[in-house]
Amino acid sequence: MSGYFRTAILLAAMTALFMGVGYLLGGSGGMIIAFVVALGMNAFSYWNADKVVLKMYKAHEVDEATAPEFHAMVRDLARNADLPMPKVYIIDDPQPNAFATGRNPSNAAVAATTGILQTLSYEELAGVMAHELAHVKHHDTLIMTVTATIAGAISMLANFALFFGGNRNSNMGFIGTLALMILAPLAAALVQMAISRSREYEADRMGAEICGQPLWLASALGKIAGGVRRVPSEAAERNPATAHMFIINPLHGERMDNLFSTHPATENRIAKLQEMAAGMGSGMGGGYTQAYDDAGSSGGPSGGYAGGSARGTGGSVPNAGSRPGAGPWG
């Protein structure tokens with residue numbers, strides 16, 4: 001509950017900031033206009049954001065015929081999470097990463113890059129997909145769409161400050177208007193990033209519960225982080241506003257767990273998952289020992305989901321390295 005309360009407070013702060021910028025620019029009338037603009041932008045985002053981002057990354061939908069084992073994995077995890085089956089997409093990108101999108105669980109989609117499919121073991125990929133389904137279950141995809149839209153609206157309004165000169169009754173002057181232009185977007189970005197970090201920790205926790213093995217996700221996070229450091233994503237670099245959607249920030253130079261990061265530090269997330277595993281008495285091959293700096297090596301322990309969920313196609317899954325260029329799930 002603390003995560004939800006923190007998110008509610010941050011969303012309230014974002015809304016208050018937005019309304020305040022509108023008031024400073026145009027008084028009560030400016031605040032109302034800003035509110036109407038935000039409603040329009042949020043309505044568009046609510047209905048179309050998922051389609052836009054999937055198209056942005058040239059994601060293609062897969063099904064039981066085109067990616068049987070990956071599709072079956074998502075189906076089984078969705079059943080474990082008591083969620084409707086989301087649409088499943090694959091992105092042709094060598095960087096290992098994944099995200100979820102959609103306005104609600106009934107209209108959700110999960111997407112994984114070819115890089116992550118080639119890098120992770122079956123269990124690690126299950127941990128990642130469980131994390132993404134946790135975002136869906138928590139309605140994080142909608143929360144982050146709304147916060148990104150409001151942050152964008154605040155930046156837009158702040159950029160108009162010099163043209164409108166601010167509210168005549170506010171006596172901001174040139175210096176005050178300039179400060180508004182700089183500080184308002186910065187404050188909005190900080191709040192957006194804080195919300196994103198809060199939701200990532202919650203999704204890690206619930207994702208571990210969905211797949212039943214916190215250490216699967218812990219191992220996956222280390223490998224993904226290493227892959228992100230080595231392999232740039234051209235699509236993500238062209239669209240940095242989408243960085244908060246991914247399980248690991250896809251942009252280079254974003255590793256610090258501070259106010260300016262969209263994600264918690266990977267080391268901190270792994271440590272929390274290890275603590276959770278110790279509390280559950282779970283393990284992965286006798287305990288998680290994958291070094292953070294050794295991320296990126298493929299393969300891992302075999303076996304199905306915790307709790308007896310079977311793999312979609314049965315039998316053992318080949319090591320990712322045994323099928324170069326294709327990966328075991330595509």
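As a basis for the values below, the full set of heavy atoms in this structure was taken, side chains included, without hydrogen atoms, waters or symmetry mates.
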Heavy atoms, side chains only, cut-off 4.5 Å: are Asn97 and Ile248 in contact? yes
Contact between Leu221 and Leu273 at the side-chain level, heavy atoms closer than 4.5 Å - yes or no? yes
Write down the atom of Pro214, the atom of Met280, and the distance for their closest heavy-atom approach. CG-SD, 3.5 Å
Looking at every heavy atom in both Ala134 and Ala203, which two are closest together, and how far apart are they? CB-O, 3.6 Å
By the definition side-chain contact (heavy atoms from CB on, under 4.5 Å), identify the one residue from Val74, Ile210, Leu133 that meets it with Leu83. Leu133
So, His60 side chain and Ile90 main chain: donor-acceptor pair closer than 3.5 Å or not? yes
Is the side chain of Gln95 donor-acceptor paired with the backbone N or O of Val231 at a distance under 3.5 Å, no angle test? yes
Assess the residue pair Trp216 and Val128 against the criterion (side chain to side chain contact (heavy atoms under 4.5 Å, CB included)); give the C-alpha distance rounded to whole Å, side-chain angles, the decisive distance to 0.1 Å, and a yes or no. CA-CA 8 Å; Trp216 291 357; Val128 169; over 6 Å; no
Got Pro96 and Lys223 here, is their nearest side-chain heavy-atom distance under 4.5 Å? no
With heavy-atom distances below 4.5 Å as the criterion, would you say the side chains of Cys211 and Leu77 are in contact? yes
According to a hydrophobic-cluster definition based on side-chain heavy atoms being under 4.5 Å apart (Ile, Leu, Val, Met, Phe, Trp, Tyr only), do Met206 and Met129 belong together? yes
Gap between atom CG of Leu217 and atom CD of Glu209 - 0.5 Å precision: 12.0 Å
Does NZ belonging to Lys58 count more than 12 external heavy atoms closer than 6.0 Å? no
Donor-acceptor pair, distance only, cut-off 3.5 Å: does the side chain of Thr141 make one with the backbone of Gly102? yes
Check for a donor-acceptor pair, side chain of Thr119 on one end and backbone N or O of Gly115 on the other, with a separation under 3.5 Å. yes
Taking Thr66 for its side chain and Asp63 for its backbone only, find out whether a donor-acceptor pair lies under 3.5 Å. yes
Between Glu202 and His135, is there a side-chain donor-acceptor contact under 3.5 Å, judged purely by atom types and distance? no
Can you name the residues that form a side chain to side chain donor-acceptor pair (under 3.5 Å) with Asn239, not counting sequence neighbours? none
Verdict with supporting geometry, Arg205 and Met276, side chain to side chain contact (heavy atoms under 4.5 Å, CB included): CA-CA 8 Å; Arg205 181 190 61 78; Met276 184 177 179; 4.2 Å; yes
Judged by atom type as modelled, is there a donor-acceptor pair below 3.5 Å linking the side chain of Arg269 to the main-chain atoms of Ala265? no
Could you list the cluster mates of Met245? Members are the ILVMFWY residues connected by side-chain heavy atoms closer than 4.5 Å, either directly or through other members. Val52, Val53, Leu54, Met56, Tyr57, Tyr89, Ile91, Phe99, Phe246
Report yes or no: does Glu124 contribute a side-chain atom to a donor-acceptor pair with the main-chain N or O of Ser121 at less than 3.5 Å? yes
Can Asn104 and His139 be counted as having a side-chain donor-acceptor contact under 3.5 angstrom? no
Kindly state each residue pair satisfying salt bridge (charged side-chain N to carboxylate O under 4.0 Å, His left out) with at least one member in residues 79-96, sequence neighbours excluded. Asp76-Arg79
Show the nearest heavy-atom pair for residues Asn249 and Ala243, with the distance to one decimal. OD1-CB, 3.7 Å
Sidechain N-carboxylate O distance under 4.0 Å for Glu275, Lys272: no
Decide yes or no for Thr101 and Asn107: does some side-chain heavy atom of the first lie under 4.5 Å from some side-chain heavy atom of the second? no
Checking His131 against Glu200: is there a side-chain donor and acceptor pair closer than 3.5 Å? yes
So, taking the atom named CE in Met73 and the one named OH in Tyr122, what distance separates them when rounded to the nearest 0.5 Å? 4.5 Å
